[in-house]
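Data first, discussion second: the structure below is written as C-alpha cells.
Residue numbers start from 1 in every chain, and the chains themselves are labelled A, B, ... in the order their sequence lines are given, proteins ahead of strands. The model shown is predicted, which means the values in this text are computed figures rather than measured ones.
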2 protein chains.
Amino acid sequence: MSMRRSAEDAAATRRALLVAALAEFAESGYAAATLAGVAARAGVTRGALYHHFSDKAELCLTAIEELWAEAAMPVWARLDGPEPPVRRVTDFLVAFFTALEKDGTFREVYALSVRGAEGAPELARGLTDKQAIMERWRGQLTDLLGAAPLRPGVSPRTAALAVITAANGTAVTWLACPDLFSPAREARSLADAVLHGLARPDGDG
Amino acid sequence: MSMRRSAEDAAATRRALLVAALAEFAESGYAAATLAGVAARAGVTRGALYHHFSDKAELCLTAIEELWAEAAMPVWARLDGPEPPVRRVTDFLVAFFTALEKDGTFREVYALSVRGAEGAPELARGLTDKQAIMERWRGQLTDLLGAAPLRPGVSPRTAALAVITAANGTAVTWLACPDLFSPAREARSLADAVLHGLARPDGDG
DNA sequence: GTTCTTACATACATTCACGTATGTATATAA
DNA sequence: TTATATACATACGTGAATGTATGTAAGAAC
C-alpha cells in the first residue's frame with residue numbers, strides 16, 4: 001500500500017512505533033506484549049518494525065530511553081532552581097503526582113520501568129541503568145536535603161529515601177487501584193505530609 | 001519413577017507446586033514464567049502439575065490466595081490490639097518492612113501482586129480481589145487513624161493513604177533496587193518519619 | 001487376589017509469537 | 001533515464017510453551 005515515502009515520514013513511522021511500543025509494553029508487560037500488537041497500534045506491519053529495530057529488546061529499550069527523557073525532564077527539573085530546598089522537593093512531588101495522572105507517556109514509561117523486566121535478561125542494560133538512575137536520584141536528593149532544616153534524628157539520606165519511596169508508593173498504589181484516589185488532586189496534601197515528617201516545623205527550607 | 005504414594009505425599013506435592021509457582025511467578029512475572037520451570041522447581045513433572053491444577057491461571061491464583069494468608073496474617077495482625085492507634089500503625093509498618101526483607105514468601109507474594117497480571121485477563125478474579133483488599137485496607141486504616149490525634153489539616157483518609165503509599169513505596173523501591181537500602185534496618189526511622197508527618201507531635205496516639 | 005481409583009510420568013498435538021527471507025514500489029543520485 | 005538504496009509489506013520457518021491424551025505403578029476396597 002503505502003510505499004516509499006520521504007525521510008521525514010520514516011522518522012514519523014519510527015516515532016509512532018516507539019509510542020505504540022511504550023503503550024503496549026506498559027499495558028501488557030514486556031513478556032506478554034506482542035510485536036504484532038505494537039505494529040497494529042502504530043498502523044504498520046511487523047516488517048516496518050523490524051526495519052527500524054533489530055528485535056523486541058532493542059525496541060523496548062529504545063522506547064524507554066527516548067521517551068523517558070522528554071516526559072520526565074520537566075518534572076525532575078523542579079529539583080533545580082533558586083527556591084529553598086524543601087520548596088523544591090515539594091514542587092517536585094506535586095509535579096510528579098500530576099504528571100503521573102495527566103501525562104500518558106510519563107505514566108506508561110514509569111509503569112514499565114517499575115514493573116520491571118524480570119524474566120527478560122536481554123533487558124539487563126536498561127535495568128542497570130535504572131539502578132544507576134535511582135542511586136543518582138538519591139544522591140541528588142541527599143545533597144538537596146542536606147542543605148535543608150531537617151528535624152533532629154532525620155538524616156539527609158533517610159529523608160531522600162522517604163521522598164523516593166513516597167513518589168514510588170503513590171505511583172504504584174494508584175497504578176494498581178486507580179479508583180482509590182487521585183494523585184493529582186491529593187498531590188499537595190501528600191507532599192506536605194511527607195515534608196512535614198522530615199523538615200523542622202519552623203524551617204522555611 | 002516415584003509412583004503412587006500416600007495421600008499426605010500428594011498434599012506435599014501440591015504444596016511444593018504452590019511454593020514453586022509463587023517463586024517462579026514472582027521472579028519472572030506471570031507471562032514469562034513457564035510451567036516447566038514451576039514443575040522442575042518442585043521436583044516433579046508437568047503431569048503432576050496438571051493433575052493438581054487445571055491450568056496456569058488457577059495455579060497462580062491458588063498460590064496467591066493460599067500463601068498470602070499465612071504470610072501476611074501476622075503482619076496485618078499488628079493493626080489489631082489494645083495499643084494506641086499510632087503505635088499500632090507504626091508497629092505494622094515495621095513488621096511490614098521486616099517481613100518484606102526477611103520472609104521470602106511474603107516478599108514473593110507481594111512482588112507478584114504488585115507487579116500485577118496485566119495482559120492476563122484470566123486473572124481478573126485475583127485483581128478484583130486485590131482492589132477489594134486495598135479498599136478494605138484503606139477503610140481499616142481510616143477507622144484506626146480517625147481515633148488518633150492527627151495534626152490539623154490531615155484527614156484520616158489522607159493519613160490512611162499516606163501509610164499505604166509508604167508501605168508500597170518502600171516495597172517497590174527496594175524490590176527494584178535492593179542495594180539502595182535495607183527495609184528491615186531502616187524500618188523504624190521510616191515508620192517514624194511517616195507517622196511524624198501525620199500525627200500531632202504531642203499526641204501519644 | 002482382584003478391581004478400582006489415585007497420583008503421577010510420558011508422549012503428542014496445537015497454537016502462537018519471534019525472527020528472517022524475500023518482494024516491491026518509490027525517492028535519490030548519477 | 002537508469003541504477004541503487006530506502007522503506008516498508010508479505011510470506012515463511014522455527015521454537016517454545018500450553019494443554020491433552022495416554023500409560024503405569026501403587027495404595028484402598030472388597
[N] phosphate, OP1 or OP2: any side-chain N/O from [X] under 4.0 angstrom?
X	N	value
A:Thr13	D:dC8	yes
A:His52	D:dA7	no
B:His51	C:dC8	no

Short side-chain to backbone donor-acceptor contact, A:Arg151 and A:Ala199, under 3.5 Å
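No; judged by distance alone, with no hydrogens or angles, the pair does not exist.
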
pair B:Leu93-B:Leu190: side-chain heavy atoms closer than 4.5 Å
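Side chain of B:Leu93 against side chain of B:Leu190, heavy atoms only: no contact under 4.5 Å found.
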
Please state how far atom [atom1] in [X] lies from atom [atom2] in [N], giving the value in whole angstrom units.
X	N	atom1	atom2	result
A:Leu59	C:dC18	CG	P	10 Å
B:Tyr50	D:dG19	OH	C1'	5 Å
A:Phe53	C:dG19	CZ	C1'	16 Å
A:Asp55	C:dA17	CG	C1'	14 Å
A:Leu49	C:dG19	CG	C1'	11 Å

Run the salt-bridge test on [X] and [Y] with the 4.0 Å N-O cut-off and return the result as yes or no.
X	Y	result
A:Glu66	A:Arg14	yes
A:Arg157	B:Glu186	no
A:Arg107	A:Asp103	no

side-chain hydrogen bond (donor to acceptor under 3.5 Å, both in side chains) against B:Arg15, all qualifying residues, sequence neighbours excluded
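In terms of side-chain hydrogen bond (donor to acceptor under 3.5 Å, both in side chains), with neighbours along the sequence ignored, B:Arg15 is linked to B:Glu70.
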
Which comes earlier along DNA chain C counting from the 5' end, the contact point of B:Arg14 or that of B:Arg46, where each point is its nearest nucleotide?
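Going by which nucleotide is closer to the 5' end, it is B:Arg14.
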
Polar pairs (N or O, both sides) under 3.5 Å between protein and nucleotides 14-17 of chain D?
none

